[in-house]
*Asks:* 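Sharing a structure with you now.
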Amino acid sequence: MNAGAHIVCTQNATLGEEYRRGWHPERFSTARNAEANVLVVGAGPAGMECAITLGKRGMQSVHLVEAADELGGHFRWVRQLPGLAEWGRVVDWRQSQLAKLANVHVVSGKRLDAPTVLDYGADLVVIATGSSWATDGLNGPSQSTITGADAALPHILTPEQIMLEGKPVPGDRVVVYDCEAYFVGVSIAEKLARAGKQVTLVTPMAGPALYMGLTGEAVEMMPLLAELKIAVVARHHVTEIGDGLVHGVPKGGGPPRQVGNRRGRTDHPTSSRQRAVSRSQGGSAWARRLLKSSGVGPPVDLGPLGRCPCAGSV
């Protein structure tokens, strides 16, 4: 609100839509095509919310089909990140609402391919299968892959490999490359630091997890990074992952920088964070003050990106 952004809510997706769209988002009218049968493929938060809305709008039958045994999509592992167990309410609440709708049928543990979807017999199909982290370093800031990034290698890991597959993180020194600027990069860094790893968080943004400046979480997360001695290298693009080294260049130009150990890649695994990018700007001076306030801190390279007159400006 203070940043002048449109009000949103993770739990109540319709918050802020009341007047902008001219209707009450919690009052559902019967759909004009209510006689239709609907198939929703994917039971993450979006698919669950879609099925709930269709059920409340009186569709003849709604089948919500999920490939995994449990509902929730990526929230199945997000709620296992440090300090984020409470976020499980996003899934738990929707499961309770689905159970109240007689015209909504939930099918888990069933993977559908294109021919199966077409033969399912539904009049309408909604695809809500979400996305997964790139395994080749593809990221938003550079719009390209990263040389040497291949999550099939033992020292390259995605968040899903760590959280879902239990892929071991070798060695003692870890680089987390965060292009998201919200909770995943810093949470993975926290998890690995608590497991005894020496963690360096690299981000092309002006500082770590800048979006937390808009959600109010930064006041807790910034001192925690310092407390856990997580080194932060800001405003740097990772360009190559080599033999025990992570190569990067400063955003906007400058001499290249290396993080790692030349003795062997197994001594320096890389946890590579690639997905959507929140191009937040500003808040770097504020983040620096938060890091300093803890009394202990890692090497920090934070500075303004563009024109940022106040914390949280975008």
Side-chain angles (χ1 to χ4, degrees), residues 74 76-88 133 135 137 146 148-203 205 207-209 212 217-234 236 238 241-248 257-275 287 290-302:
H74 71 285
R76 289 185 293 119
W77 59 267
V78 165
R79 68 193 303 175
Q80 298 175 32
L81 289 168
L84 295 185
E86 186 181 348
W87 284 25
W133 266 256
T135 58
I146 298 174
D150 180 359
L153 299 172
H155 64 290
I156 310 288
L157 303 96
T158 68
E160 291 155 329
Q161 287 178 325
I162 294 173
M163 300 302 299
L164 278 180
E165 301 175 18
K167 183 177 178 178
V169 181
D172 297 320
R173 306 177 66 196
V174 181
V175 169
V176 176
Y177 185 43
D178 179 20
C179 295
E180 180 214 30
Y182 189 27
F183 68 90
V184 176
V186 290
S187 296
I188 290 290
E190 177 187 351
K191 175 181 174 64
L192 296 178
R194 292 189 183 280
K197 306 293 184 180
Q198 182 181 340
V199 181
T200 299
L201 179 71
V202 180
T203 176
M205 311 303 172
M212 286 188 173
E217 297 163 280
V219 294
E220 299 289 341
M221 181 54 71
M222 296 304 114
L224 181 60
L225 294 178
E227 178 184 335
L228 294 174
K229 294 181 170 51
I230 296 173
V232 176
V233 179
H236 277 71
V238 169
I241 302 172
D243 187 11
L245 282 174
V246 175
H247 304 264
R257 181 169 180 173
Q258 295 177 338
V259 178
N261 189 327
R262 293 183 180 277
R263 294 179 182 175
R265 61 168 57 112
T266 56
D267 189 49
H268 192 120
T270 298
S271 176
S272 186
R273 169 70 175 97
Q274 299 106 13
R275 200 184 178 187
L290 287 170
L291 284 165
K292 186 177 180 181
S293 68
S294 66
V296 294
V300 177
D301 177 17
L302 297 176

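Numbers here simply count residues along the sequence, with the first being 1.
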*Asks:* Less than 4.5 Å apart, side chain to side chain, heavy atoms only: is that true for Val169 and Leu192?
*Replies:*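 In contact.
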*Asks:* Heavy atoms only: give me the nearest Gly185-Val176 pair and the separation to one decimal.
*Replies:*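 So the two residues come closest at O-CG1, 3.7 Å.
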*Asks:* Using side chain to side chain contact (heavy atoms under 4.5 Å, CB included) as the criterion, list what pairs up with Gln198, not counting sequence neighbours.
*Replies:*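 Listed in chain order: Arg173.
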*Asks:* Measure the CD1-OG1 distance between Ile156 and Thr135 for me, rounded to the nearest 0.5 Å.
*Replies:*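 Reported value, rounded in 0.5 Å steps: 10.5 Å.
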*Asks:* Where the side chain of Lys197 meets the backbone of Gly171, is there a donor-acceptor pair that is under 3.5 Å apart?
*Replies:*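 Here the side-chain-to-backbone pair exists.
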*Asks:* Are Leu164 and Arg76 close enough, and set up right, to give a side-chain contact (heavy atoms from CB on, under 4.5 Å), and what steps lead you there?
*Replies:* CA-CA 9 Å; Leu164 278 180; Arg76 289 185 293 119; 4.1 Å; yes
*Asks:* Quick one: pull up NZ in Lys167 and NE2 in His155 and give me the separation to the nearest 0.5 Å.
*Replies:*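 So the gap between those two atoms works out to 9.0 Å.
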*Asks:* Which atom names give the shortest non-hydrogen contact between Met205 and Ala181, and what distance separates them?
*Replies:*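 Met205 and Ala181 have their closest heavy atoms at CG-CB, 3.9 Å.
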*Asks:* Starting at CD1 of Ile188, measure out to CD1 of Ile162 and round the result to the nearest 0.5 Å.
*Replies:*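 Rounded to the nearest 0.5 Å, the CD1-CD1 separation comes to 4.5 Å.
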*Asks:* If you measure from CG on Leu228 to CE on Met221, what distance do you get to the nearest 0.5 Å?
*Replies:*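 That separation rounds to 9.0 Å.
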*Asks:* Output all residues satisfying side chain to side chain contact (heavy atoms under 4.5 Å, CB included) with Gln80, sequence neighbours left out; order by chain, then residue number.
*Replies:*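 Side chain to side chain contact (heavy atoms under 4.5 Å, CB included) check on Gln80 returns Met163.
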*Asks:* How far does CE of Met222 sit from CD of Glu217, to the nearest 0.5 angstrom?
*Replies:*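 Met222 CE to Glu217 CD: 9.5 Å, rounded to 0.5 Å.
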*Asks:* Check the angle between the aromatic planes of Trp87 and Phe183 and answer parallel, tilted or perpendicular using the 30° and 60° thresholds.
*Replies:*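 Ring orientation of Trp87 relative to Phe183: perpendicular.
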*Asks:* Closest heavy-atom contact between Pro159 and Trp77?
*Replies:*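 Scanning both residues, the minimum pair turns out to be CB-CH2, 3.9 Å.
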*Asks:* What pair of heavy atoms forms the shortest contact from Asp178 to Val186, and how long is it?
*Replies:*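 Taking Asp178 first and Val186 second, the nearest heavy atoms are OD2-N, 4.5 Å.
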*Asks:* May I have all residue pairs that pass side-chain hydrogen bond (donor to acceptor under 3.5 Å, both in side chains) and include part of residues 183-192, sequence neighbours excluded?
*Replies:*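 Found Glu190-Arg194.
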*Asks:* Please find the pair of heavy atoms, one from Pro170 and one from Leu157, that lie closest to each other, and give the distance.
*Replies:*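 In this case the closest contact between Pro170 and Leu157 is CD-CD1, 4.5 Å.
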*Asks:* Which atom pair, heavy atoms only, marks the closest approach of Trp133 to Val184?
*Replies:*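 Result for this residue pair: CZ2-CG1, 4.0 Å.
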